[in-house]
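Structure first, then comments.
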Amino acid sequence: MRADRLVSLVLLLRQRGRLTANTLARELEVSTRTVLRDIEALSAAGVPVYAERGRHGGFALSPGFRTELTGLNHDEALALLTAGSGRGEQVFGLGSALASAMRKVVDALPESHRATASDAAQRFLVDPETDLLSRRLVSEEVPDTTMIEVRRAVLAGHKLRIHYAATDQTPQWRTVDPIGLVTVRDRVYLLATRSGADRTYRLSRVLAAEELDETAQRPNRVDLDRIWRERSAQFLSGDHITVRVRVNPARREDLLDTAMAVRAEEPDADSWLRLEVTFQDLRHAEWALWQLSTDAEALAPQSLRTSLHNRAAAIATCYGDSS
């Protein structure tokens, strides 16, 4: 909305001082011509915006001008700035809204706290793109057009038509009743019902989406945390394989990166760990444990131990003494 953009423009000038039209256009994700029209609108409304000509020119506000926004105390602002300091711009396609909100948070602080809170937020890093082992987190891309349609339907309580590509299936159009959106490890899921049955869709597999005018059949109030727990439990109780394994603590995270879920964990002999984890099937479990070499030992089921034994024997035969 233009009103929100005008507020963001004023906040940018307040917090950064003089800025060129190109810089403002880039920050607000609009054209330079739109910025110039907004500057004219602000001037007509009495906001003291003035232009400075020359090589280092740009637009600025008269000294001392302050917008009227609700104040926040230092810790409240720090909490919001920290929450927005990670990759939050990727969540639910709200990047522009998040950037605008952060500018408002900074501007709402008392003058004496503004610099302190901004500096403090820089001392916290939430969910960096790589961990200490330089493993890059894999995030799933969801087109903005798809995210916007899904988000609108969820918030408006309208039915949603999606073109969904389920694993190993031909993409099909489906009409669902959206309940809510959940993000887990940079994956976004749509919780919905279809013909009254519970359904969970990974948004990266939604090829297209269309919000319908028809009202969705769903309860007025919802507990997403409870629904997510229930669906997770239902998913894990499906046709999967549970494995008991001993693992070197140094390779624990490698194991968890490949497992679907952890059901139990406790210390074992020799400072190792004993875990009960879930894999998609026997082939998945065999592949995951093979990657850990001698840093992990499958304890059960016996079929997995046999599979790993046969694989190791085949490798040993292949590379045995040929003299």
Side-chain angles (χ1 to χ4, degrees), residues 127 130-140 164-172 182-191 194 197-205 225-323:
D127 286 338
T130 59
D131 62 17
L132 284 176
L133 300 179
S134 297
R135 294 174 300 189
R136 190 176 183 84
L137 298 180
V138 179
S139 58
E140 298 184 337
Y164 192 72
T167 304
D168 297 329
Q169 295 183 21
T170 302
Q172 296 180 352
V182 176
T183 177
V184 181
R185 294 185 179 178
D186 288 335
R187 291 180 179 177
V188 183
Y189 297 90
L190 169 67
L191 305 188
R194 184 183 176 206
D198 292 342
R199 293 290 185 269
T200 303
Y201 301 100
R202 189 185 296 184
L203 249 61
S204 62
R205 295 177 181 166
D225 188 53
R226 177 185 58 77
I227 294 174
W228 181 254
R229 288 198 306 270
E230 291 174 352
R231 295 198 181 184
S232 296
Q234 183 180 10
F235 175 76
L236 292 175
S237 65
D239 188 20
H240 304 304
I241 182 174
T242 298
V243 173
R244 286 190 293 113
V245 58
R246 291 180 70 246
V247 63
N248 184 330
R251 302 300 301 276
R252 176 183 180 276
E253 294 302 318
D254 295 327
L255 173 65
L256 299 192
D257 281 346
T258 57
M260 295 176 61
V262 180
R263 292 177 174 269
E265 179 176 351
E266 62 183 8
D268 198 24
D270 303 324
S271 299
W272 276 36
L273 298 173
R274 184 181 291 251
L275 289 88
E276 187 174 303
V277 294
T278 301
F279 291 101
Q280 186 172 339
D281 50 32
L282 180 63
R283 183 178 179 182
H284 179 202
E286 179 186 339
W287 172 85
L289 292 179
W290 186 260
Q291 311 307 307
L292 302 180
S293 185
T294 56
D295 284 325
E297 177 191 358
L299 303 176
Q302 183 59 44
S303 57
L304 175 59
R305 289 180 60 88
T306 300
S307 240
L308 288 168
H309 176 273
N310 292 341
R311 187 170 185 173
I315 293 291
T317 299
C318 179
Y319 291 101
D321 188 359
S322 57
S323 57

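Keep in mind the model is a prediction, meaning the values are calculated, not measured.
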| query | Shortest non-hydrogen contact from Thr258 to Ala288? | reply | OG1-CB, 3.4 Å
| query | Roughly how far, to the nearest 0.5 Å, is CG of Leu273 from CG of Asp268? | reply | 8.0 Å
| request: To the nearest 0.5 Å, tell me how far Leu191 CG sits from Arg231 CZ. | output: 5.0 Å
| query | Would you say the side-chain atoms of Arg202 pair up with the backbone N or O of Ala166, donor to acceptor, closer than 3.5 Å? | reply | no
| Which atom pair, heavy atoms only, marks the closest approach of Ser307 to Glu286? | OG-OE1, 3.2 Å
| field | Close side-chain approach of Leu255 to Leu289, heavy-atom, < 4.5 Å | value | yes
| query | Which heavy atom in Pro249 sits nearest to a heavy atom in Ser271, and how many Å separate them? | reply | CG-O, 3.1 Å
| request: Over 60° means perpendicular and under 30° means parallel, so classify the ring planes of Trp228 and Tyr189, tilted if in between. | output: tilted
| query | Is there a donor-acceptor pair under 3.5 Å between the side chain of Arg305 and the backbone N or O of Ala298? | reply | yes
| field | Non-hydrogen atoms of Gln291 and Arg251 that approach each other most closely | value | O-NH2, 3.6 Å
| So, Asp270 side chain and Trp272 main chain: donor-acceptor pair closer than 3.5 Å or not? | no
| request: Would you indicate whether Arg283, at its atom CZ, is surrounded by more than 12 heavy atoms from other residues, nucleotides or ligands within a distance under 6.0 Å? | output: no
| field | Reported CG-to-CD distance for the pair Leu299 and Glu276, which is rounded to 0.5 angstrom | value | 10.5 Å
